[in-house]
2 protein chains.
Amino acid sequence: MAGVAVPKARQVYLVLRERIASGGLPSGEALPGEQALAAEHSVSRITVRRALAELEREGLIDRRRGAGTFVTQRHAPKPLVADLADVLSNIAAMGRSTSVRLLAFGYQDAPPAIAEALRLTPGERVQRSVRVRIIDGQPFSYLTTHVPERVGVTYSEAELASRPLLSLLERSGVSVDRATQEIGAVLASPDVAAALDVDVGSALIALTRAVYDTDGRGVEHLAALYRPDRYAFRMDLVRTGSDDRRRWAPVAGNDDGGRTQPATTATARGTQSRTGEGT
Amino acid sequence: MAGVAVPKARQVYLVLRERIASGGLPSGEALPGEQALAAEHSVSRITVRRALAELEREGLIDRRRGAGTFVTQRHAPKPLVADLADVLSNIAAMGRSTSVRLLAFGYQDAPPAIAEALRLTPGERVQRSVRVRIIDGQPFSYLTTHVPERVGVTYSEAELASRPLLSLLERSGVSVDRATQEIGAVLASPDVAAALDVDVGSALIALTRAVYDTDGRGVEHLAALYRPDRYAFRMDLVRTGSDDRRRWAPVAGNDDGGRTQPATTATARGTQSRTGEGT
DNA sequence: GCATGTTGTATCATACTGTAGACAAATAGA
DNA sequence: TCTATTTGTCTACAGTATGATACAACATGC
C-alpha cells in the first residue's frame with residue numbers, strides 16, 4: 001500500500017460518520033473527547049480534529065468549546081427502499097418524482113464480459129447507454145446498459161431518456177421472459193462519483209442484471225450503481241414448510257411498491273457494527 | 001473535504017483495479033501508457049506510477065520496460081454466490097468448509113436502533129455477539145447479532161460459535177415466522193477491515209435482517225458485512241402475469257440450490273448456491 | 001469561586017504527497 | 001540499423017499530513 005494509503009484523518013472521519021449514520025451515536029449524544037478519540041484510533045489529537053472539522057462542516061456534529069462535541073439533531077432522510085421481489089416495476093408507482101439524465105449513447109463492439117453474460121457472438125455490436133436516475137432532484141443511481149444492436153435500433157435516444165428501457169423492449173416485440181441479477185458493492189470511481197455527487201471512494205451498491213427473452217437470448221444487460229444513503233433493497237421472507245423441511249420463502253412483490261411490510265415500519269437502516277472488539 | 005481527501009494515487013489505483021476486476025481490461029490486454037493515464041486522470045506521471053506500482057505489487061499487472069504494462073493472466077477467483085430466495089438455508093450444503101470465529105459475546109442494553117427494529121421496550125437487555133465466518137480458510141463475512149435476553153439465555157457462548165443461530169433459536173422453542181432484510185453498501189471501518197482482512201475503506205455489502213416470531217416479536221437482529229470479492233447475492237426472476245398486468249416474480253429457491261437458472265454463465269461455475277444461514 | 005474537562009489556537013519538526021523536468025534503458029516495429 | 005515508444009531512475013521543490021507539546025478560552029459542576 002505504499003503511496004496509496006487512506007489518510008488517517010479520513011479513516012477517523014469515515015468511522016465517526018458511519019457511527020452517526022447508523023444510529024450508534026444517537027442524536028444529541030456527546031462524542032468522546034478529542035483526547036479519547038485520539039487514543040481510541042491511535043492517532044494524534046490534531047488528526048482527530050481534522051476529522052471532526054469535516055463532520056462539522058457537513059453539519060453532522062456540533063462542537064462547543066468547553067462543553068464537548070454533540071451529534072446534530074436533524075435526522076438524515078431515510079433512503080428509498082425497493083422491494084427486491086418487484087425490483088423491475090415502475091419506480092414512479094412509489095409516488096416519488098423521478099427523472100433521467102442520459103450521459104452516453106452509442107453503438108460499439110460488445111465487451112467480452114457483456115457478450116458472455118448475454119450469450120452474444122464475440123464482437124457483436126451492442127448499444128451502450130449510461131443514464132443517471134434522479135429522485136426529488138437528487139441523483140441516486142448510475143445505470144449502464146448494453147442491448148444487442150438488433151433490439152437497440154427499435155427505439156431512439158430520446159425515448160431512452162424518457163421511458164423505462166424494459167417497456168421499450170416489450171413495445172418492440174421482445175418477449176421478455178427471465179432475468180438474473182446479482183448484488184455486490186463497489187467503490188465510486190471519479191466519473192461515477194461526479195455523476196452521483198459523492199466522494200471518490202464512497203461505497204455503492206452494485207446490481208448487475210441480465211434479461212433474456214423466451215428463446216433464451218440476452219436482450220439487456222444492466223450494471224447499476226446506487227447510492228446506499230438514498231436507495232436500499234428490501235426483501236420480506238416467511239418461514240414455510242413442515243418441521244422436517246423448514247425453509248424460507250420470499251413474500252411476492254405487491255403493487256404498492258413494497259410499502260406493506262410485515263414488520264419494520266421504520267426501516268432501521270444500516271445498523272452497523274458498533275465497534276470495539278475485533279482485530 | 002479539507003484534510004480528509006483520498007490521495008490521487010489511490011484514486012487512480014482504485015479505478016484501474018476496478019477496471020481490471022470487472023473485465024473492462026481483459027487479461028493480457030495492454031494498459032494505456034503512463035503518459036496517457038496521467039493525462040486521462042489529470043495527474044502527474046509519477047502519481048500514475050505509484051498506482052501502477054501497487055497494482056504490480058498485488059500481481060494484477062505486469063510491467064515491461066520498453067514494452068508497456070499488461071494485465072496479468074491469472075483470473076481472480078469469482079465470489080461465492082448466494083441465492084437471495086433461499087438465503088437462510090444451511091451454507092454447509094454448498095459443499096464448502098466453513099468455520100466461525102467468535103469475536104465478542106455479552107449482554108447489554110439494546111441500542112436504540114436495534115430496539116426499534118425488534119420492537120423491544122427501550123433499554124431492554126439484549127445479547128450481542130460478533131462473529132466472523134470463514135470459508136476455505138478465508139474470512140468473508142462479519143456478523144453482528146442482537147437477540148433479546150430471554151431468548152439469548154437458552155444457548156451458550158460455545159454453541160453460538162459452532163451452530164447457526166437460527167437453529168439455536170428454533171431449538172429453544174422460538175417459532176420463527178417472518179424476516180425482513182435490507183441490502184446496502186458501506187465502507188470497512190478499521191475493526192471490520194482487520195477481521196475481514198481488507199483495507200480500511202474497502203466497499204462491503206451490508207445486509208440487515210430482523211427476524212420475528214409468530215407473535216410478531218423480534219427474536220434476532222443481524223447486521224452482516226460481506227466482502228464483495230468473496231460473496232454476492234443472486235436472484236432469478238421470471239416475467240409473469242397477463243399483458244395488462246405484467247410483472248416480475250422471484251424464482252423460489254428450489255432444492256438444487258437454484259441450479260436451474262435461465263442464464264448466468266458468468267456465475268454458474270461449478271459449485272452452486274444454496275446458502276448461508278446467518279451468513 | 002474554582003477545579004476540571006473540554007474545544008480552540010499556536011508552534012515546530014518530520015514524513016508523505018504531488019508536480020516538473022531530464023535522462024537512461026529496454027522494447028517493438030519499420 | 002534506426003526510430004519511436006515505453007518503463008525505470010534521478011533530482012529538486014512546494015504543499016500537505018501527521019505528530020508532539022504547550023497554552024488560551026470556554027463550560028460545567030461542585
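Every chain is numbered from 1 and lettered A, B, ... according to where its sequence line falls, protein lines coming before strand lines.
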Could you give the [atom1]-to-[atom2] distance, from [X] to [N], as a whole number of Å?
{"X": "A:Glu56", "N": "C:dT6", "atom1": "CD", "atom2": "P", "answer": "17 Å"}
{"X": "B:His41", "N": "C:dG18", "atom1": "NE2", "atom2": "P", "answer": "14 Å"}
{"X": "A:Leu52", "N": "C:dT9", "atom1": "CG", "atom2": "P", "answer": "14 Å"}
{"X": "B:Glu34", "N": "C:dA20", "atom1": "CD", "atom2": "P", "answer": "15 Å"}
{"X": "A:Asp62", "N": "C:dT6", "atom1": "CG", "atom2": "C1'", "answer": "14 Å"}
{"X": "B:Phe70", "N": "D:dT7", "atom1": "CZ", "atom2": "C1'", "answer": "11 Å"}
{"X": "B:Glu54", "N": "C:dG18", "atom1": "CD", "atom2": "P", "answer": "14 Å"}
{"X": "A:Gln35", "N": "D:dA22", "atom1": "CD", "atom2": "C1'", "answer": "12 Å"}

Dump every N/O contact between nucleotides 28-30 of chain C and the protein below 3.5 Å, one line per pair.
none

Check B:Arg128 with B:Glu149, please: is the shortest side-chain N to carboxylate O separation under 4.0 Å?
no
Report the residue (B:Gly33 or A:Thr47) whose heavy-atom-nearest nucleotide on DNA chain D is the more 5′ of the two.
B:Gly33
Classify the ring geometry of A:Phe233 against A:Tyr226: parallel below 30°, tilted from 30° to 60°, perpendicular beyond 60°.
perpendicular
Closest nucleotide among [options] to the [X] side chain:
{"X": "A:Ile46", "options": "D:dA17, C:dA10, D:dT9", "value": "C:dA10"}
{"X": "B:Arg65", "options": "C:dA26, C:dT19, C:dT7", "value": "C:dA26"}
{"X": "A:Arg50", "options": "C:dG18, D:dA17, D:dT9", "value": "D:dA17"}
{"X": "A:Thr69", "options": "C:dG18, D:dT18, C:dT7", "value": "C:dT7"}
{"X": "A:Pro7", "options": "C:dG8, C:dT17, D:dA17", "value": "D:dA17"}

Any side-chain N or O of A:Arg63 under 4.0 Å from OP1/OP2 of C:dG8?
yes
Look at the side-chain N and O atoms of A:Lys8 and state whether any lies under 4.0 Å from the OP1 or OP2 oxygen of C:dC16.
no
I'd like to know if the side chain of A:Tyr13 pairs up with that of A:Arg17 as donor and acceptor (distance under 3.5 Å, no hydrogens or angles considered).
yes
To the nearest 0.5 Å, what is the distance between [atom1] ([X]) and [atom2] ([Y])?
{"X": "B:Ile114", "Y": "B:Glu124", "atom1": "CD1", "atom2": "CD", "value": "12.5 Å"}
{"X": "B:Gln138", "Y": "B:Leu196", "atom1": "CD", "atom2": "CG", "value": "11.5 Å"}
{"X": "A:Leu225", "Y": "A:Leu207", "atom1": "CG", "atom2": "CG", "value": "9.5 Å"}

Look at the side chain of A:Arg45 against the base of C:dG8 and say whether a donor-acceptor pair falls under 3.5 Å; ignore hydrogens and angles.
yes
Taking the side chain as C-beta and beyond, is there a heavy-atom pair between B:Arg49 and B:Glu56 under 4.5 Å?
no
